[in-house]
Amino acid sequence: MILVTGGAGYIGSHYVLHERERGSSVVVLDNLVYGHREALLGTRLIEGDIRDRKLVEQVLKDFNVDTVVHFAAYAYVGESVTDPSKYYQNNVASTLNLLDAMRAAGVGKFVFSSSCATYGDPEYVPMDEAHPQNPINPYGETKFMCERILQAYDAAYSMRFVSLRYFNAAGADPGGRIGESHNPETHLLPLILQAARGKRDSVSIFGTDYGTPDGTCIRDYIHISDLAQAHSLAIDHLRRDGKSRFYNLGTETGHSVREVINLCSKVSGKPIPVVEAPRRSGDPPRLVASAARAKAELGWAPRFTDLEETIRTAWNWEQKRTY
Ligand code: NAD
Ligand code: UDP
């Protein structure tokens, strides 16, 4: 049995669907602070907090869990700067609690949602896993601290982990059953598509004076189904007694904010009103992954290599979203 923390959130719910479709048994632990019951499509939900040690131990025992996939965290970079306590508590202290509950219950396999935010400002692109890690905000710091904790727990307690450093998660279930729903929404793609639908007056471009070809930031948008698949491959790796590893997950291709807006306009067939706004602090100009390690070692092969296709899945969801 696989325990998925934060499984009612955006990335977690897509992973849960994928994992169930390949026949695995999954139970979700989510406090629904940001998650959606509807996103689970009937998967068993324990509504509770991962900071509740007794509850976590009980769930691990009751469901005979052998592997934990840990998505639960707060992920608003700006808020992590203004309220770091909230982030260190919920992302670091809660992860320690979870890992110690796992030790107590004898559960030794862990898949972790890490982030390209652990790298900080890029020294080179594409960024591989050997790129120096100097996070530039408390959110990135919390993910980096968790990675350090995982290494220490592996060395001391033989707890094996795979830490997946996602670049920009994007898109929705190609079948249109579930999709991205953050409240508040801060991610570029859903904001643009909501503007295309007329639900927002416009979308702001944060910075037009970067040293990139069109002056706007470049990011690597990886489809949510490809992220989901990587988690399943990570579990297979751990179940083969594979060693603890860190993997980047990205398409290895970058797109600027203006390119994303133009593609969204093409896919939706709607004009998208834009407002040129100042830079958002803490945004590096260009983040693009090298995912060579995940491809070579996990056999990961992302299917959505064309951003237009990724946007099409998000647009499909945006038009008929139910939560
Ligand atoms: P999300 O907010 O949609 O999902 C997080 C889920 O965790 C929510 O359902 C929330 O209710 C739950 N949760 C939070 N704290 C909890 C707690 N203490 N106990 C129980 N449940 C709790 O976020 P997401 O975009 O799906 O991100 C999932 C993970 O991936 C996070 O760890 C995030 O830091 C990481 N990540 C996301 C991206 C991205 O592009 N979205 C990129 C890199 C890393
Ligand atoms: N962005 C933007 N306008 C918005 C939201 C985001 O121009 O309303 C830019 C942001 O500066 C970044 C890119 O879009 O360069 C992706 O931002 P997002 O918040 O989606 O993801 P992040 O890269 O911060 O994880």
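Each ligand, and each atom within it, is numbered from 1 in the order the structure gives.
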**Student:** Students should be able to answer this: which protein heavy-atom is nearest to atom 42 (C) of ligand 1, and at what distance?
**Tutor:** Phe167 O, 3.6 Å
**Student:** Could you find the nearest protein heavy atom to atom 17 (C) of ligand 1 and give me its residue, atom name and distance?
**Tutor:** Asn31 ND2, 3.2 Å
**Student:** Identify the closest protein heavy atom to atom 26 (O) of ligand 1: which residue and atom is it, and at what distance?
**Tutor:** Ile11 N, 2.8 Å
**Student:** For ligand 1, is there an N or O atom under 3.5 Å from any N or O atom of Ala72?
**Tutor:** no
**Student:** Distance under 4.0 Å to a non-hydrogen atom of Ser115: what atoms of ligand 1 satisfy this?
**Tutor:**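 Ligand 1 atoms under the 4.0 Å threshold to Ser115: 43 (C), 44 (C).
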**Student:** Just distances here: any N/O of Lys143 and N/O of ligand 1 closer than 3.5 Å?
**Tutor:** yes
**Student:** For Gly35, take its heavy atoms, then give the atoms of ligand 1 lying under 4.0 Å from any of them.
**Tutor:** 8 (C), 9 (O), 10 (C), 11 (O)
**Student:** Taking both backbone and side-chain atoms of Tyr139, is any N or O found less than 3.5 Å from an N or O belonging to ligand 1?
**Tutor:** yes
**Student:** Do ligand 1 and Ser114 have nitrogen or oxygen atoms that lie under 3.5 Å from each other?
**Tutor:**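 No; the residue has no nitrogen or oxygen that sits under 3.5 Å from a nitrogen or oxygen of the ligand.
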**Student:** Enumerate the protein residues lying less than 4.0 Å from ligand 2, judged by heavy-atom distances, in chain and residue-number order.
**Tutor:** Asn168, Thr186, His187, Leu188, Leu191, Ser204, Ile205, Phe206, Cys217, Arg219, Tyr221, Val257, Arg280, Asp283
**Student:** To the nearest 0.1 Å, how far is atom 10 (C) of ligand 1 from its closest protein heavy atom, and which atom is that?
**Tutor:**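 Heavy-atom neighbour on the protein nearest atom 10 (C) of ligand 1: Asp30 OD1, 3.5 Å.
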**Student:** Quick one: look up the protein heavy atom nearest atom 24 (P) of ligand 1 and list residue, atom name and how far away it is.
**Tutor:**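 Checking every protein heavy atom, the shortest distance to atom 24 (P) of ligand 1 gives His182 NE2, 3.8 Å.
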**Student:** Within the 4.0 Å heavy-atom shell around Leu32, which atoms of ligand 1 are there?
**Tutor:** 11 (O)
**Student:** Ignoring hydrogens and angles, state whether a donor on the side chain of Tyr153 or Asp100 is under 3.5 Å from an acceptor on the partner side chain.
**Tutor:** yes
